[in-house]
Amino acid sequence: MSITPTEPKKISPLAKWVAAGMSAFFFAFGVFIIVTEHYYGYTSKYGGAEVSADGSDAIVLGVATIILGLTPMALWAKSGTAAGFWAGSCMILGVILFLAPFYIH
């Protein structure tokens with residue numbers, strides 16, 4: 001009995017384009033945060049958004065949002081190793097940047 005290598009399953013083009021759309025949304029949201037210098041947190045049930053950060057803290061959180069938003073682009077990678085490196089790098093750097101404003105002050 002011989003073991004035959006199996007073909008890796010291809011990721012559907014629809015999933016890749018949905019991932020690209022998600023990344024584009026988070027990129028635009030991060031740019032919005034950077035331009036307005038306000039990071040809006042949760043919305044309460046009574047209406048209105050709570051501002052969680054202003055100024056330089058918001059800029060750092062905007063960059064973190066952009067980097068975390070690039071994580072789904074790992075679906076476009078040619079190999080599993082490259083996809084894992086891309087996703088892992090984006091997640092680690094994004095989480096570090098999200099936590100940075102809390103440790104700076």
Side-chain angles (χ1 to χ4, degrees):
M1 179 156 86
S2 66
I3 298 174
T4 58
T6 58
E7 287 285 323
K9 292 186 177 181
K10 297 280 184 177
I11 298 173
S12 73
L14 177 62
K16 287 182 177 182
W17 286 107
V18 168
M22 289 169 41
S23 292
F25 171 79
F26 280 105
F27 180 82
F29 184 56
V31 169
F32 173 75
I33 292 169
I34 292 169
V35 169
T36 61
E37 293 186 359
H38 294 294
Y39 177 76
Y40 296 96
Y42 68 93
T43 302
S44 67
K45 64 181 179 179
Y46 302 113
E50 301 291 329
V51 176
S52 296
D54 287 323
S56 62
D57 292 345
I59 292 172
V60 172
L61 291 172
V63 172
T65 301
I66 291 171
I67 291 173
L68 283 172
L70 292 175
T71 303
M73 295 304 290
L75 293 179
W76 289 84
K78 297 288 183 189
S79 69
T81 304
F85 179 76
W86 177 265
S89 299
C90 287
M91 294 299 289
I92 290 170
L93 185 59
V95 169
I96 289 171
L97 284 173
F98 257 114
L99 295 176
F102 301 111
Y103 289 106
I104 291 173
H105 295 288

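Everything numeric here is computed off the predicted structure, so don't read it as measured data. Residue numbers run from 1 in the order of the sequence given. When reading the values below, keep in mind they use all heavy atoms of this one structure, side chains included, and skip hydrogens, waters and symmetry mates.
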Checking side chain to side chain contact (heavy atoms under 4.5 Å, CB included) for the pair Met91/Leu68: CA distance, chi angles, key distance, verdict?
CA-CA 6 Å; Met91 294 299 289; Leu68 283 172; 3.7 Å; yes
List the steps, then state whether side chain to side chain contact (heavy atoms under 4.5 Å, CB included) holds for Phe98 with Leu61.
CA-CA 6 Å; Phe98 257 114; Leu61 291 172; 3.2 Å; yes
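Under a hydrophobic-cluster definition in which Ile, Leu, Val, Met, Phe, Trp and Tyr are linked whenever side-chain heavy atoms come within less than 4.5 Å, directly or via other members, Val35 and Val63 are assigned to the same cluster. Phe27 and Val60 fall within a single hydrophobic cluster, where Ile, Leu, Val, Met, Phe, Trp and Tyr are joined by side-chain heavy atoms under 4.5 Å apart, directly or via other members. Hydrophobic cluster membership differs between Ile59 and Phe26, with clusters built from Ile, Leu, Val, Met, Phe, Trp and Tyr side chains linked at under 4.5 angstrom. Trp76 and Leu14 are assigned to two separate hydrophobic clusters, defined by single-linkage of ILVMFWY side chains at heavy-atom distances under 4.5 Å. Under the 4.5 Å side-chain heavy-atom criterion for ILVMFWY residues, no single connected hydrophobic cluster contains both Ile34 and Phe29.
Counting all heavy atoms, side chain and backbone alike, Leu70 lies closest to Trp86 at O-NE1, 2.9 Å. In this structure, Thr71 and Cys90 approach most closely via the heavy-atom pair OG1-CB, 3.3 Å. Across every non-hydrogen atom of Ala20 and Met73, the tightest pair is CA-SD, 3.7 Å. Nearest heavy atoms, Gly69 versus Ser23: O-OG, 2.7 Å. Taking both residues in full, the closest heavy atoms of Ala58 and Ala53 are given as CB-O, 3.8 Å, listed atom of the first, atom of the second, then distance. The minimum heavy-atom distance between Ala64 and Gly94, with the atom names listed, is CB-O, 3.7 Å.
Checked options Thr65, Ile66, Ile67; the residue passing with Leu97 is Ile67 (criterion: side-chain contact (heavy atoms from CB on, under 4.5 Å)).
His38 places none of its side-chain heavy atoms less than 4.5 Å from the side chain of Ile33.
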